[in-house]
There are 2 protein chains.
Amino acid sequence: MAISPARTNRTTDPMDVPDVVVERLPLYVRVLASFEERGIEMVSSEQLGSQLHMTPAQIRKDLSYFGRFGKQGRGYNVKALALRLREILGLDRTWNACLVGVGRLGRAIISYPGFAPEGFKIVSAFDMNPAVVGTTVDGISVDAISEIKPVVERLGIAIGIVAVPATAAQQVIDCLVEAGIGAILNYAPISAHAPGKVKIKNIDPVMSLQSMTYYLKT
Amino acid sequence: MAISPARTNRTTDPMDVPDVVVERLPLYVRVLASFEERGIEMVSSEQLGSQLHMTPAQIRKDLSYFGRFGKQGRGYNVKALALRLREILGLDRTWNACLVGVGRLGRAIISYPGFAPEGFKIVSAFDMNPAVVGTTVDGISVDAISEIKPVVERLGIAIGIVAVPATAAQQVIDCLVEAGIGAILNYAPISAHAPGKVKIKNIDPVMSLQSMTYYLKT
DNA sequence: GTTTGTGAAGGATTTCACAGCA
DNA sequence: TGCTGTGAAATCCTTCACAAAC
């Protein structure tokens, strides 16, 4: 009876957290950061929910997959919760990424200033076009596609960003998977699929528009 | 007994179609287009499903919200189904859009060649910076934010694309809603909310990366 | 034989509602 | 009192499985 009746700490379990929950965590991290900036120390699920347009119950349930971070009657400590969620998401470190496809879009992605402050560093770029290979874009040298595997291994790159034309995208994705990449951010207008354990997210503004027009028809 | 026992044609009903279903329709449109290009006339839910990595049942169920488009034993007519889905989504016309925020990202969006072929035309741009107002970017003249409402009304703009810094985004979104915009594509790194019937989609590459890192921790 | 369209079953996610703690 | 954490209920979404149609 000396053993605590508390359930095992979920934080250490590899427990199956629904994907939808994981996808909401960055939202919480972001809103917590904004509370932190305003110097607020404690926050309730009610306050988080009104900020995010979600029910407080959902926030509490989501957090409960990872541990018990709140105090009854008081809420959550902003700084502590933000720190903990960052740890859980693996945001307490820097991640190396590579870009494939150095066209117009690819160049915009390399120059995008939003990645670095969040710990995502594009350290390498690849392209098929021999006229581009060997050049440097924003300090990143462009290599041939055939170099993907050795470079990914040498630089410890875990994330691939795909910005090639639709016709080349699946090939490039297969190539990245083969190289041992763990996550892919795909900007090509195909709903790409990555085999095995590799995570993939598609960013497709045209598809976003195409579903919204459904609700637009006067 | 003269009345057909068939249920009312859902196509004409304002029936409540789940959002998840609407979001998948553009996927179907796209894959049907690729079958069409290859000259294939009929296609089964099985074939569509293997192409899209979805179960055939889900595709059939999704389509059944809008009507009965298939023939037993044969499948779907590629051309006819594509046409019908485009109609349902409102893609059988052109949509005018405006861009708010003509910084680096905004310029990339204006120059992005993927919108026009799908019927989305950026016809107007706005910015807060007086140094940018009055200039022309890729043939689009940049107006002051205060001009949003009159311009949106005059040009019949239904879609707003937001590419301003996070701090200004919610203000801009409110302004677009006030101007009578029906759908918003938000590139600012906030999880924005639009009041009332206005649809909004957030495009946030950093958040996409931040949830994928959860699965990356070795 | 093949494949659709769809009720019913099953699974996943969200919300409810309240015991328990500060 | 105020708010969390969480089983149970409710809702939403996907898959099954089969009659009907070709």
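Each chain gets a letter, A, B and so on, in the order its sequence line appears, and its residues count up from 1. Scope of the values below: all heavy atoms of this structure, side chains included, with no hydrogens, waters or symmetry mates.
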Are any protein N/O atoms closer than 3.5 Å to N/O atoms in nucleotides 12-15 of chain C? If there are, list each pair with its distance.
unit_1	atom_1	unit_2	atom_2	d
C/dT14	OP1	A/Arg24	NH1	3.0
C/dT14	OP1	A/Gln58	NE2	3.4
C/dT14	OP2	A/Arg24	NH1	3.4
C/dT14	OP2	A/Arg24	NH2	2.8
C/dT14	OP2	A/Gln58	NE2	3.2
C/dT14	O5'	A/Gln58	NE2	3.1
C/dT15	OP2	A/Thr55	OG1	3.0

Any side-chain N or O of A/Tyr76 under 4.0 Å from OP1/OP2 of D/dG5?
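So the side chain of A/Tyr76 is within the cut-off, an N or O lying under 4.0 Å from OP1 or OP2 of D/dG5.
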Hey, is the side chain of B/Arg68 poking within less than 4.0 Å of OP1 or OP2 on D/dA21, counting only N and O atoms?
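No, no such contact exists.
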Distances under 3.5 Å between protein N/O atoms and the N/O atoms of nucleotides 18-22 of chain C, please, pair by pair.
unit_1	atom_1	unit_2	atom_2	d
C/dA22	O4'	A/Gln72	O	3.4

I need the full list of salt bridge (Lys or Arg N to Asp or Glu O under 4.0 Å) pairs touching residues 170-187 of chain B, with sequence neighbours left out, sorted by first then second residue.
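Sorted result for residues 170-187 of chain B: B/Lys149-B/Glu178.
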Hey, is B/Glu41 close enough to B/Arg74 for a salt bridge, meaning N to O under 4.0 Å?
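No salt bridge links B/Glu41 with B/Arg74.
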Check this for me, if you would: do B/Arg86 and B/Asp92 make a salt bridge, where the nitrogen-to-carboxylate-oxygen distance has to be below 4.0 angstrom?
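Judged by the 4.0 Å cut-off on N to carboxylate O distance, B/Arg86 and B/Asp92 do not form a salt bridge.
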Holding to ring-ring contact (aromatic ring centres under 6.0 Å, His included), I want the full list of residues that pass it with B/Phe35, two or more places apart in sequence or in another chain.
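Listed in chain order: nothing, the list is empty.
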Just to verify, what does B/Tyr187 make a ring-ring contact (aromatic ring centres under 6.0 Å, His included) with, not counting sequence neighbours?
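ring-ring contact (aromatic ring centres under 6.0 Å, His included) list for B/Tyr187, sorted by chain: empty.
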Would you mind reading off the distance between [X] atom [atom1] and [N] atom [atom2], rounded to a whole angstrom?
X       : N      : atom1 : atom2 : result
B/Phe66 : C/dG5  : CZ    : C1'   : 15 Å
B/Asn77 : C/dT3  : CG    : C1'   : 15 Å
A/Glu46 : D/dT4  : CD    : C1'   : 13 Å
B/Met42 : D/dC22 : CE    : P     : 12 Å
A/Leu81 : D/dC3  : CG    : C1'   : 15 Å
A/Gln47 : D/dG2  : CD    : C1'   : 12 Å
B/Leu52 : D/dT15 : CG    : P     : 13 Å

Please test A/Ile122 against A/Asn96 for side chain to side chain contact (heavy atoms under 4.5 Å, CB included), starting from the C-alpha separation and ending with a verdict.
CA-CA 6 Å; A/Ile122 297 178; A/Asn96 284 345; over 6 Å; no
So does B/Asn77 get a backbone contact from the side chain of B/Lys71, meaning a donor-acceptor N/O pair under 3.5 Å?
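Checking the backbone N and O of B/Asn77 against the side chain of B/Lys71, no donor-acceptor pair under 3.5 Å is found.
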Provide the full list of side-chain hydrogen bond (donor to acceptor under 3.5 Å, both in side chains) pairs with a residue in residues 204-213 of chain B, sequence neighbours left out, each pair given once.
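Output for this query lists A/Arg30-B/Asp204, A/Glu118-B/Gln210.
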Can you see whether B/Asp19 engages A/Tyr215 through a side-chain donor-acceptor pair at a distance of less than 3.5 angstrom?
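Yes.
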